[in-house]
Amino acid sequence: MSGNKGIVAAFLALGAGAAFYLSRRKDMIDTAKDRVNTVTSSSNNPNVPGEDKGIKKRALETGANLLQGFAPVNSIHQHICGLHGYAHDIKRQVIAHHYCSHLNNDVCQCVIYDGDEKGARLIGIEYIISEKLYNNLPPEEQQLWHSHVHEVKGGLINCPYVPMIAEHEVMKDIVKTYGKTFHTWQVDRGDPLPLGVPQLMMAITDNSLIQNKDYFVNRDKKYNVSTDDLIKNRANLEGPKGGVHPNADPWEKGKIIEVHPVINGKVQATTTRDSDK
């Protein structure tokens, strides 16, 4: 019976998604037109140094859009907005827009941008795996991953513009998973370009730790959602069957993991130490 309920819920979510698609079809058409009209538009980001792309480069982009295939990128089917904290300093936090595709039922891969508008900067990547795969990882590797339980149940993440009934089904899967995230561009400190080495990121596991107190207000207003409603809607969702693994979210246990560059020819990939607290 539970299997039948799941199928029914999936169809309801699909129906809600279809209705939503039709309501936004005009916006999608306009977006497609914008893509073709790249030659007459600019996606230059004012926060990034460099000259305007110019008519020649935009013409080449338009030609590539018409002639080339972008299968890996076109497989992206999910947008999740969330918040990441640095593994070595959880109080440094960045809004992260994930654009994700599933390789199979146990592995999802996401590219991360600092916004959802044209010209947004690519700032990182995240891999999301099932509890089954996570439990088979070596202990030292498990420390590089974070849980998603609080992000889901605490209303920190959402799927912009997706009806709640459909989003609920997405969150039902995510709440049981683990993520491994690296940010390559530290936009929070004002870096004009991707400087230094990638840094490991973690999930926020308590809303009281959120540094930007307007995060929920701004997010809710932009996407016309209610954090309180999201929390209530997800209250019945269950995390990993075995509970959150003790090796996940290492920063909670005072473990600091920071990535360093090559020094004097010696690779110092990751440094793990206990915090000074």
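Along the sequence shown, residues carry numbers from 1. It should be emphasised that the depicted structure is a prediction, and the values quoted were computed from it without experimental measurement.
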[X] and [Y]: side chain donor to acceptor below 3.5 Å:
X: Asp249; Y: Thr205; result: no
X: Ser208; Y: Asp206; result: yes
X: Arg92; Y: Gln186; result: yes
X: Asp220; Y: Ser226; result: no

Should we say atom [atom1] of [X] is surrounded by more than 12 heavy atoms from elsewhere, each under 6.0 Å from it?
X: Gln211; atom1: CD; value: yes
X: Tyr127; atom1: OH; value: no
X: Lys221; atom1: NZ; value: no
X: Asp214; atom1: CG; value: yes

Closest contact, heavy atoms only, [X] versus [Y]:
X: Gln93; Y: Leu83; answer: OE1-CD2, 3.8 Å
X: His97; Y: Ile95; answer: NE2-CG2, 3.9 Å
X: Gly179; Y: Glu126; answer: CA-OE2, 3.5 Å
X: Asn247; Y: Gln142; answer: ND2-OE1, 2.7 Å
X: Lys153; Y: Leu237; answer: NZ-O, 2.9 Å
X: Val175; Y: Val149; answer: O-CG2, 3.5 Å

(message) Please tell me whether Tyr99 and His79 form a close aromatic pair, meaning their ring centres lie under 6.0 Å apart.
(response)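 Between His79 and Tyr99, which both carry aromatic rings, the centre distance is below 6.0 Å.
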
(request) Assert yes or no for the condition that the ring centre distance of Tyr178 to His146 is strictly below 6.0 Å. (result)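 They do not qualify: ring centres at least 6.0 Å apart.
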
Quick one: do [X] and [Y] end up in the same hydrophobic cluster if we chain Ile, Leu, Val, Met, Phe, Trp and Tyr together by side-chain heavy atoms under 4.5 Å apart?
X: Leu137; Y: Ile125; value: yes
X: Ile231; Y: Phe216; value: no
X: Trp145; Y: Phe182; value: yes
X: Ile76; Y: Ile128; value: no

(request) Could you list the residues that satisfy ring pair (Phe, Tyr, Trp, His ring centres under 6.0 Å) with His183, not counting sequence neighbours? (result)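 Only His84 meet the ring pair (Phe, Tyr, Trp, His ring centres under 6.0 Å) criterion with His183.
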
(request) Would you indicate whether the side-chain heavy atoms of Ile80 and Ile174 approach each other to under 4.5 Å? (result)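 Result yes, sub-4.5 Å side-chain heavy-atom pair found.
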
From [atom1] ([X]) to [atom2] ([Y]), nearest 0.5 Å:
X: Ile157; Y: His148; atom1: CD1; atom2: NE2; answer: 6.5 Å
X: Asn158; Y: Lys222; atom1: CG; atom2: NZ; answer: 10.5 Å
X: Lys91; Y: Ile210; atom1: NZ; atom2: CD1; answer: 14.0 Å
X: His168; Y: Cys159; atom1: NE2; atom2: SG; answer: 12.5 Å
X: His150; Y: Leu209; atom1: NE2; atom2: CG; answer: 8.0 Å
X: Ser75; Y: Leu103; atom1: OG; atom2: CG; answer: 7.5 Å

(message) Applying disulfide bond (SG atoms under 2.5 Å apart), can you list everything that pairs with Cys100, at least two apart in sequence or on another chain?
(response)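 Expected list: Cys110.
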
(request) Write out all pairs satisfying salt bridge (Lys or Arg N to Asp or Glu O under 4.0 Å) with one or both partners inside residues 127-144, taking only residues at least two apart or from two chains. (result)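 Qualifying pairs, neighbours excluded: Asp106-Lys132, Glu141-Lys180.
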
(message) For Tyr223, give me all partners under side-chain hydrogen bond (donor to acceptor under 3.5 Å, both in side chains), at least two apart in sequence or on another chain.
(response)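 Scan of Tyr223 (side-chain hydrogen bond (donor to acceptor under 3.5 Å, both in side chains), adjacent residues dropped) gives Asp116.
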
(message) Determine whether a donor-acceptor pair (N or O, by modelled atom type, separation under 3.5 Å) exists between the side chain of His245 and the backbone of Gly243.
(response)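 No: the side chain of His245 does not pair with the backbone of Gly243.
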
(message) With a 3.5 Å distance limit and no angle check, can you tell me whether Tyr161 reaches the backbone of Asn224 through a side-chain donor-acceptor pair?
(response)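 Between the backbone of Asn224 and the side chain of Tyr161 there is no qualifying donor-acceptor contact (under 3.5 Å).
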
(message) Gln78 vs Ser101, test: side-chain hydrogen bond (donor to acceptor under 3.5 Å, both in side chains). Steps then yes/no.
(response) CA-CA 7 Å; Gln78 197 170 72; Ser101 60; over 6 Å; no

(request) Begin with the C-alpha distance, continue with both residues' side-chain angles, and end with the deciding distance and a verdict on side-chain contact (heavy atoms from CB on, under 4.5 Å) for Val107 and Leu133. (result) CA-CA 9 Å; Val107 180; Leu133 294 183; 3.6 Å; yes

(request) With side-chain contact (heavy atoms from CB on, under 4.5 Å) as the test, would you mind laying out the steps for Met164 and Asp229 before giving the verdict? (result) CA-CA 9 Å; Met164 188 173 290; Asp229 288 345; 4.0 Å; yes

(request) Report the hydrophobic cluster partners of Leu195, with the cluster defined as I, L, V, M, F, W, Y residues connected by side-chain heavy atoms closer than 4.5 angstrom, directly or transitively. (result)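 In the cluster with Leu195 are Val48, Tyr86, Val94, Ile112, Ile123, Trp185, Val187, Leu193, Met201.
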
(message) Could you list the cluster mates of Val217? Members are the ILVMFWY residues connected by side-chain heavy atoms closer than 4.5 Å, either directly or through other members.
(response)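 Val217 shares its hydrophobic cluster with no other residue.
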
(request) Go through the steps for Glu151 and Ile204 under the test side-chain contact (heavy atoms from CB on, under 4.5 Å), then give the verdict. (result) CA-CA 7 Å; Glu151 284 189 319; Ile204 310 300; 5.8 Å; no

(message) Using a strict threshold of under 4.0 Å (side-chain N to carboxylate O), is an ion pair present between Arg234 and Glu169?
(response)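 Not counted as a salt bridge, because no side-chain N and carboxylate O are separated by less than 4.0 Å.
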
(request) For the pair Asp191 and Arg189, find out whether any cationic side-chain nitrogen is under 4.0 Å from an anionic carboxylate oxygen. (result)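 A salt bridge is present here (some side-chain N lies under 4.0 Å from a carboxylate O).
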
